[in-house]
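First up is the structure itself, then whatever we jot down about it.
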Amino acid sequence: MKPFFALMLLFLCSQPSAREFNINVSEGMSFHLGKAQIEKIFTEIYRPLNITPTFHYLPTQRGLEWVNSGRFDAEAGRVENAMTTFEQLLPIPTPLATVRLAVFCLKPELCHLNGEHGIIIIEGSLMTTQFCERTQLDCHPVHNNVSAFQALTRNHSDQLLATDHFSMGSLCDSGLSKIYMRILPFQGVLIRHYIHKKHQALLPKLNDIIKDKVNRGEFTRFINRLNSEFANCDGEIIDLTAATNISL
């Protein structure tokens, strides 16, 4: 019997096993897109590599520090201009998406930004936080998208500053039936997937996988589904971007 058990042990040890791989997801992204959607996207990205990721949802700064220190293996997605201080992280060259900042409001005449009124932003969004600091706007973070849109209905603020695509997935839960949006006249910002330097060997493989999914339109279809969710629950988004020239 001993030769049989030895052969079995050799067979089991020779089988490929999924690697442990921990991906951090910002709380903001999980509110924007939904945990199930995020996990589905990145599980499919890593499947050809025989890696089954485990997902963690931490506050923005702590999550990035854990990935940068090597405690986690990757960061799901971040705007590239927010990552300059995290030197241990490598961006996958092919971006996942391009996002722009937009102002959301309940009346078209309110869809502009100025320094006289407080502006709602989503807590954990580095893109909006940096914009507020750079332009010296009076911005007030709330916990998630639903809370932000509800703050408009409760007159806590006239404007919500958020990203154009990833903020729309929560509109159905906000109780709103109509909202106006004006995209700010700035160049879009790229969202990239990041891995720790210890996994540098995976970078070209991940880039090929993501590039293939981009070329086949998988991410575009996903964003289009997000943008159409509000219409599917009888809501309406009115884009003022081309119709108005309201100044910042």
Side-chain angles (χ1 to χ4, degrees), residues 16-101 121-134 141 143-144 162-163 165-166 186-214 218-219 222-223:
S17 58
R19 313 179 201 176
E20 181 180 350
F21 201 89
N22 296 289
I23 297 180
N24 179 62
V25 185
S26 73
E27 289 183 324
M29 179 178 276
S30 67
F31 285 129
H32 296 334
L33 305 184
K35 293 181 179 180
Q37 291 288 351
I38 292 170
E39 294 182 10
K40 180 180 179 181
I41 290 169
F42 286 99
T43 297
E44 290 301 315
I45 288 173
Y46 279 88
R47 189 185 305 280
L49 304 176
N50 195 35
I51 295 174
T52 303
T54 300
F55 298 91
H56 305 268
Y57 299 86
L58 297 182
T60 296
Q61 197 64 28
R62 192 199 320 166
L64 284 171
E65 288 171 357
W66 281 26
V67 182
N68 196 56
S69 70
R71 186 169 180 174
F72 287 165
D73 300 284
E75 178 69 30
R78 294 282 182 173
V79 295
E80 58 182 359
N81 61 352
M83 300 297 289
T84 55
T85 60
F86 299 96
E87 298 177 352
Q88 298 303 308
L89 301 187
L90 300 174
I92 305 303
T94 301
L96 299 171
T98 301
V99 298
R100 294 172 294 174
L101 285 176
I121 62 173
I122 313 297
E123 188 175 43
S125 172
L126 294 177
M127 187 175 175
T128 54
T129 300
Q130 290 179 348
F131 179 84
C132 289
E133 292 173 352
R134 188 169 65 251
H143 192 50
N144 57 51
T163 53
H165 291 310
F166 297 142
F186 298 107
Q187 186 177 0
V189 177
L190 298 176
I191 302 288
R192 299 187 191 276
H193 180 47
Y194 287 80
I195 57 174
H196 191 272
K197 282 184 176 179
K198 64 184 177 182
H199 298 297
Q200 186 168 1
L202 294 177
L203 193 148
K205 299 174 185 178
L206 283 169
N207 189 57
D208 288 344
I209 292 168
I210 292 174
K211 183 184 295 184
D212 179 63
K213 290 183 177 295
V214 169
E218 290 188 22
F219 295 138
F222 171 70
I223 290 172

What are the two closest heavy atoms between Thr128 and Ile122, and how far apart are they? OG1-O, 4.3 Å

Close aromatic pair by centroid cut-off 6.0 Å: Phe72 and His196: no

Show me the pairs that pass salt bridge (charged side-chain N to carboxylate O under 4.0 Å, His left out) and involve residues 87-96, at least two apart or across chains. none

If you measure from CG on Leu90 to CG on Leu203, what distance do you get to the nearest 0.5 Å? 6.0 Å

Within the distance-only criterion (no hydrogens, no angle test), does the side chain of Thr43 pair as donor or acceptor with the backbone N or O of Lys40 below 3.5 angstrom? no

CZ on Arg192 to CG on Leu96, rounded to 0.5 Å: 9.0 Å

So, taking the atom named CD1 in Ile92 and the one named NZ in Lys205, what distance separates them when rounded to the nearest 0.5 Å? 12.5 Å

For Asn24 and Glu75, test the side chains for any donor-to-acceptor distance below 3.5 angstrom and give the result as yes or no. yes

Would you say NZ of Lys198 has more than 12 non-hydrogen atoms from neighbouring residues, nucleotides or ligands within 6.0 angstrom? yes

Counting the benzene-type ring for Trp, do His193 and Tyr46 have ring centres under 6.0 Å apart? yes

Before giving the answer on side chain to side chain contact (heavy atoms under 4.5 Å, CB included), spell out for Met127 and Val99 the whole-Å C-alpha distance, their side-chain angles and the decisive distance to 0.1 Å. CA-CA 10 Å; Met127 187 175 175; Val99 298; 3.8 Å; yes

Heavy atoms only: give me the nearest Ala74-Phe21 pair and the separation to one decimal. CB-CE2, 3.7 Å

On a heavy-atom basis, which atom in Pro95 and which in Ile210 lie closest, and how many Å separate them? O-CG2, 4.4 Å

To the nearest 0.5 Å, atom CD1 of Ile51 lies from atom CD of Glu20 at 11.5 Å

